[in-house]
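Heads up: the structure comes next, in structure tokens.
Order of appearance sets the numbers: ligands from 1, and atoms from 1 within every ligand. Just the heavy atoms: all of them, side chains too, but no hydrogens, waters or symmetry mates, feed the values below. In this chain, residues are counted from 1 in sequence order.
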Amino acid sequence: MSADNLRHLRDLCDRSVEIIRANQHDSGAYVACPSFPVYRYCWFRDGAFIADAMSRIGEYESAEAFFDWCSRVLVSRSSVIGSVIARAREGEEVADTELLPCRYRLDGDDDDEPWTNFQLDGYGTWLWALSEHLRRSGRSTSSLWRSAAGLTVDYLSAFWSRPCYDWWEEHGDKRHVGTLGAIVGGLEAIAREDFVDDEHRRVAQTAAAAARDEVLRLGVQDGHLCKWYGTNAVDASLLSCIIPFRLVEPEEPIAQATLAAVETDLVSVGVHRYLADTYYGGGEWLLLSAFLGWQQLSFGRAKDAATQLSWIAAQAEPNGYLPEQVAGHLLAADREAEWIASSGPVASPLLWSHAMFITLAAELGIVPESAPDRPRFQA
Ligand code: BGC
């Protein structure tokens, strides 16, 4: 890679950090996208990957402000969480609408707009991001984080086997393997930490083992992981079941077959979510290209990973904003216009795109991990 290219990628990382910082609310919440009305909220899913990227490059205060926000959201709902768990244990009917939502207002309040709210993956992802942060930073934990992590373990172990909306907020009647990957990854990561008590570690391990067993029985067809139980289609969210969530290890044939199926079905140059995607015409998602590069790297394919990183960088707008998706190779070109007409242009900047760009750049060693005193981008 030329020195110019390298400099360009590093500048875009600095710019990404700046954009993320500028869009972190005083509460610690990260807005998914400041200019796209239905994304002016904080998601556990997006936020956890953003916090992980910030922690990775030494922006510890930012990551910890987000973990504080998550913890306040959870602890302030502890009686609701306790009551739905108790009712479910008694065999009582608990409606999806009584369970935790996927997104909140930036101040941590519930949002009143209708949304496909019952999604479980974000709660696994935040546990994973928190434990990664603790491991890499060696910083001490707060009792608030401990309580919130314990509540999340209780919540996920009670509800992991329930159908819910997926990473893309669709198909709430299905069991999604990408969702289960995040749950397993989060529960196992927290079970390795001694900052939750032994009982929570045991509960987390038991639920994660049951979820993994179930996925390996019901979520595999043609040798690869599948989008949901009962289909042989793939979804790019499955990549996360290898790295970082390790539902399957890279050496396992299932991981290799899953990567191969995603690369065959969903890669133009960037990565599509799934073949039947029609949202904004089904473009290539920048954050998924970063997930692909991350896997390729763990399979020893650094050159392919660097190609994904450069492709993401090439999608940046002149001001450095990274959008959610781009329209170079649409899967359903006839569906793009209706989305632009109803919702405006594609969301940009999408903080999760910036976060995944940083993550892949750090994994490739293009920016150093955990360097709190690195020079800041000057606007
Ligand atoms: C995506 C979600 C994401 C949300 C906010 C949705 O369109 O499907 O994965 O959490 O946008 O970025």
Residue of the set Tyr279, Trp43, Trp285 for which ring-ring contact (aromatic ring centres under 6.0 Å, His included) holds with Trp168: Trp285
Ligand-side contact atoms (ligand 1) for residue partner Arg273, heavy atom cut-off under 4.0 Å: 8 (O)
Polar proximity ligand 1 side, Arg45 side, N/O cut 3.5 Å exclusive: yes
Criterion side chain to side chain donor-acceptor pair (under 3.5 Å) on Thr125 and Arg45, from CA distance to verdict: CA-CA 6 Å; Thr125 307; Arg45 169 178 45 250; over 6 Å; no
Protein contact to atom 5 (C) of ligand 1 [nearest heavy atom, distance to 0.1 Å]: Asp46 OD2, 3.3 Å
Atom indices of ligand 1 within 4.0 angstrom of Ala32 heavy atoms, with elements: 5 (C), 12 (O)
Arg201 to Phe195, cation-pi by 6.0 Å centre distance and 45° axis angle: no
Proximal ligand 1 atoms for Leu350, defined as those under 4.0 Å from one of its heavy atoms: 12 (O)
Geometric class of the Trp69/Phe44 ring pair [parallel <30°, tilted 30-60°, perpendicular >60°]: tilted
Ring geometry between Phe49 and Phe291 (parallel below 30°, tilted from 30 to 60°, perpendicular above 60°): perpendicular
Row check, Tyr229 ring normal vs Lys174 NZ/CZ: under 6.0 Å, within 45°: no
Option whose closest heavy atom lies nearest to atom 6 (C) of ligand 1, chosen from Tyr280, Trp168, Tyr39: Tyr39
Residues Glu18, Arg21: salt bridge by 4.0 Å N-O rule: no
Which of the ligand 1 atoms, numbered from 1, are nearer than 4.0 Å to a heavy atom of Trp352: 9 (O)
Atom indices of ligand 1 within 4.0 angstrom of Glu324 heavy atoms, with elements: 7 (O)
Which residue and heavy atom of the protein sit nearest atom 9 (O) of ligand 1, plus the separation: Trp167 O, 2.6 Å
